[in-house]
Every structure is written in structure tokens, then in C-alpha cells.
Amino acid sequence: MRLGPRPAALGLLLLCAVTAGAGDAEELHYPQGEHRSEYDREALLGGQEEVDEYVKLTPEEQHKRLKSIIKKIDLDSDGFLTESELSSWIQMSFKHYAMQEAKQQFVEYDKNSDGSVSWDEYNIQMYDRVIDFDENTALDDAEEESFRQLHLKDKKRFEKANQDSGPGLNLEEFIAFEHPEEVDYMTEFVIQEALEEHDKNGDGFVSLEEFLGDYRRDPTANEDPEWILVEKDRFLNDYDKDTDGRLDPQELLSWVVPNNQGIAQEEALQLLMNMDLNSDRKLSEAEILENQDLFLTSEATDYGRQLHDEYFYHDEL
């Protein structure tokens, strides 16, 4: 998952986020924090290709594949899906599609098909040309300087991902570059990168003021704007786990690397709320099949996408 100013893989969380920012997609899915079930249906039938694939399956085949997916989600094979099992499955789905996307990108970036992506090939794919900035010379134009800083950060991450010091990144290294949150050896680099950007006083932590960046309250205003209040709440309740008023490196990691766990848990709870007919806080196969439409328009099946992906429904996988 790209970090900082280059958001990318969160688009995998919601099918329509391929063409919209992840934040926009989540706002459409949960406007004012309320789940909008119509969005799930729009996401399932949003593209003509998805519609065409979906209608190719007979009801019998849909039923067969769905039952196979249910069986795979049921980790303890007790015949019921719990919140934990649903959440784990959704998180696994996120990761699977992130990896699939990275593999597809790798082929596109590897211009000479030699099995590795060089820094020049990355530049050509991203910017249609090879870009080379002097690391020690700032540019006068503010916009160009901002781009230079981002480009240099990309280069540092590219070099960190390149474990074997070869001329380019192999597939595993490319995945580490594109999705450092999935690779252990990139964790320290991600934290250090975030500290360099946000830890202005160099104490190894990020205070609330540093978290908010350049924001300064309008002296004529009685209170902070709504978005600042939201950000302060996130800092205090989501990230500052030890409530010491600052983010340590591990707390900082939970901010700069989006955590799919919370999103998966929300969707799991939403499914239980809408499909648990006998209120036992778990879903039987019968309850799921009775609400098949809802289940197929949720993140549990990636809006029905898993019915077309053998990785999820094939019995031998």
C-alpha cells in the first residue's frame, strides 16, 4: 500500500474505488457514518464487465460457489460464521487483491520483460520519462520542490525494497515497494519516513500539533472547524493508545499505514446485524443463503467478485 501522498491500494477495499479515492468511496459507503446498503449493490453492478460476468453464472452455480466460500470462511468447521471468522476472511480478501494488483503492475512496469523493474522503468511507467533530481539542491518553485521531495521519497523506498542490491526489483521486492505494510523488513523504513515528515522537533514522537501539521486556528473563530475536531478525535481515540499525548513509533505506524482490520470488523458486524435472524451472533449457512443478495453485495465476497475467482471458491485451494 502506498503511503503518504500516493494513496493506491485502499481502492481494493471497495470495488468502485478503482476510479475514486478511498476516502471518497468510504464516504459513499458510510455517509455520516451510516451504512448505505444501496452502495453495495452499486459496487457489485457498477461496471459492465462485472455485470456481464455475474449474469453468466446460473443460479445453481452461484449457489454452489457461495456454499464453497462459506465453508472456507468457517475456520473451525462448526457450521457457523462468527464475527472473527468473517473479519479474518475479509482481511485476507483485501490482501489477496492487493497482491494480485501488484503482480499485474509488475508486468506493466517491467518494460523489457527481464523479470525485474528498474528505477528508470518505474519512472517511465509513472511519468513517461526518466526523472533525476539533485538530492542536495532545493528548487525555487514551491510546486516543483514539493514534487522533488515526493520523488526522492519514492527513490528511497525503491532502494530500501531492493534487498539484493541488483539493478532492479524482482516481484517480491516490487510488492515490498508497493505494499510496505505487508512486508516485515519495510516496517522500520516506513516509521522512519513518517518521523522525518512529521516529527518537527526531532524527539522521536509525533505530538498533536505535529499531527495536525500547519493548521493554526483562525483568531476570529470561537472554535476549530469540524475537520480539525475529527482529526483531534482520531489522534486521541484511534492512535494515541497509551494516552500520553503523542504518538510513539508503533502508534505512528497505525496512522501512516491504513489498517484494514477496523474496516473488516465493521463489515463483519454489519453482516451479523442484518443477517443474524435468531440473534445468536453468528451466521448459519441457512441464514446466509436466505440473505444471499446481501452477502453477495458485501465485502465478505468483495461484492460478488469472489464467485469469479477460483482462489476463493475452488475446493482444492
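Heavy atoms only: backbone and side chains are in, while hydrogens, waters and symmetry mates are out. Positions are given from 1, in the same order as the sequence printed here.
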Spell out, as yes or no, whether a donor-acceptor pair under 3.5 Å connects the side chain of E121 to the backbone of S118.
-> yes

Among R157, K153, K160, whose side-chain hydrogen bond (donor to acceptor under 3.5 Å, both in side chains) with E193 holds?
-> R157

Expected output: side-chain S88 to main-chain S84 donor-acceptor under 3.5 Å | yes

Co-membership, hydrophobic cluster, residues I69 and L289, 4.5 Å side-chain = yes

Is there a donor-acceptor pair under 3.5 Å between the side chain of D276 and the backbone N or O of L283?
-> no

Starting from the C-alpha separation in whole Å, work towards a yes-or-no answer on salt bridge (Lys or Arg N to Asp or Glu O under 4.0 Å) for E159 and K156.
-> CA-CA 5 Å; E159 292 170 348; K156 286 176 64 178; over 6 Å; no

May I ask whether F80 and I90 are part of the same hydrophobic cluster, defined by side-chain heavy atoms of I, L, V, M, F, W, Y residues being less than 4.5 angstrom apart, directly or through others?
-> no

Out of curiosity, L86 CG to L269 CG, how far, rounded to the nearest 0.5 Å?
-> 9.5 Å

If we only count heavy atoms from C-beta on, is the P225 to Y215 side-chain gap below 4.5 Å?
-> yes

Set of residues satisfying side-chain contact (heavy atoms from CB on, under 4.5 Å) with respect to A138, sequence neighbours excluded | E145, R148

Would a 4.5 Å heavy-atom cut-off, applied to side chains only, mark D164 and E173 as touching?
-> yes

Flag yes if Y109 and I131 sit in one hydrophobic cluster, no otherwise; membership is Ile, Leu, Val, Met, Phe, Trp, Tyr, and two members link when side-chain heavy atoms are under 4.5 Å apart.
-> yes

Which atoms form the tightest heavy-atom contact between G204 and D199, and what is the distance?
-> N-OD2, 2.8 Å

Measuring from Y239:OH to L252:CG, what's the distance to the nearest 0.5 Å?
-> 10.5 Å

side-chain contact (heavy atoms from CB on, under 4.5 Å) between L81 and W89, worked out | CA-CA 10 Å; L81 306 188; W89 177 264; over 6 Å; no

Find out whether H198 and F211 are in side-chain contact, i.e. whether some heavy atom of one side chain is under 4.5 Å from a heavy atom of the other.
-> no

Nearest-0.5 Å distance that lies between atom OG in S254 and atom CG in L247 = 7.0 Å

Could you grab the distance from atom CD1 of I70 to atom CD1 of I288, nearest 0.5 Å is fine?
-> 4.0 Å

I would like to know whether R129 and N123 meet side-chain contact (heavy atoms from CB on, under 4.5 Å); could you show each step before the answer?
-> CA-CA 6 Å; R129 60 192 176 93; N123 274 261; over 6 Å; no

Classify the ring geometry between H151 and F133 as parallel (under 30°), tilted (30 to 60°) or perpendicular (over 60°).
-> perpendicular

Does the side chain of E83 pick up a donor-acceptor pair with the side chain of S87 at under 3.5 Å?
-> no

ILVMFWY cluster, L75 and L271 together (side-chain gap under 4.5 Å) | no

Connected hydrophobic set around M273, excluding itself, where side chains approach under 4.5 Å = none

Rounded to the nearest 0.5 Å, what's the gap from CD1 on I228 to CG on L212? Could you check?
-> 4.5 Å

Can you tell me how far the CD atom of E85 sits from the CG atom of D78, to the nearest 0.5 Å?
-> 6.0 Å

Under a single-linkage definition using a 4.5 Å side-chain heavy-atom cutoff for Ile, Leu, Val, Met, Phe, Trp and Tyr, are V117 and M126 assigned to the same hydrophobic cluster?
-> yes

Would you indicate whether K111, at its atom NZ, is surrounded by more than 12 heavy atoms from other residues, nucleotides or ligands within a distance under 6.0 Å?
-> yes

May I ask you to decide if L277's main-chain N or O and E287's side chain share a donor-acceptor pair within less than 3.5 Å?
-> yes

Look at E60 together with K64 and state whether they make a salt bridge at an N to O cut-off of under 4.0 Å.
-> no

May I ask you to check whether over 12 heavy atoms, not counting those of E223, lie within 6.0 Å of atom CD?
-> no

Do S207 and E210 come close enough that some side-chain heavy atom pair is under 4.5 Å?
-> yes

Looking only at atom types and distance, does a side-chain atom of K282 sit under 3.5 Å from a main-chain N or O of S279, one as donor and one as acceptor?
-> no

When the aromatic ring centroids of W255 and F235 are compared, is their separation below 6.0 Å?
-> no

Could you label the plane-to-plane angle of the Y127 and Y122 rings as parallel, tilted or perpendicular, counting under 30° as parallel and over 60° as perpendicular?
-> perpendicular

Using the test ring pair (Phe, Tyr, Trp, His ring centres under 6.0 Å), find all partners of F106 that sit at least two apart in sequence or belong to another chain.
-> F174

Has D184 got more than 12 heavy atoms of other residues, nucleotides or ligands less than 6.0 Å from its CG?
-> no

Please identify each residue that fulfils side chain to side chain donor-acceptor pair (under 3.5 Å) with R281, with sequence neighbours left out.
-> none

Q104 side chain vs E101 backbone, donor-acceptor pair below 3.5 Å = no

Distance-only, no hydrogens or angles: does the D110 side chain make a donor-acceptor pair with backbone N or O of G115 under 3.5 Å?
-> yes

Short N-O contact, D240 and R246, less than 4.0 angstrom = no

Among Q105, K103, M99, whose side-chain contact (heavy atoms from CB on, under 4.5 Å) with E178 holds?
-> Q105

Measure centre to centre between the rings of W119 and F177, then say whether the value is under 6.0 Å.
-> no

Would you say E267's side chain and A264's backbone share a donor-acceptor pair under 3.5 angstrom?
-> no

Shortest non-hydrogen contact from N162 to G168?
-> OD1-O, 3.5 Å

Does D74 use its side chain to pair, donor to acceptor, with the backbone of G79 at less than 3.5 Å?
-> yes

Members other than V183 in its cluster, when Ile, Leu, Val, Met, Phe, Trp, Tyr link by side-chain heavy atoms under 4.5 Å?
-> Y185, M186, F189

Hydrophobic side-chain clustering at under 4.5 Å (ILVMFWY, transitive links): who's grouped with V130? Put none if nobody.
-> I124

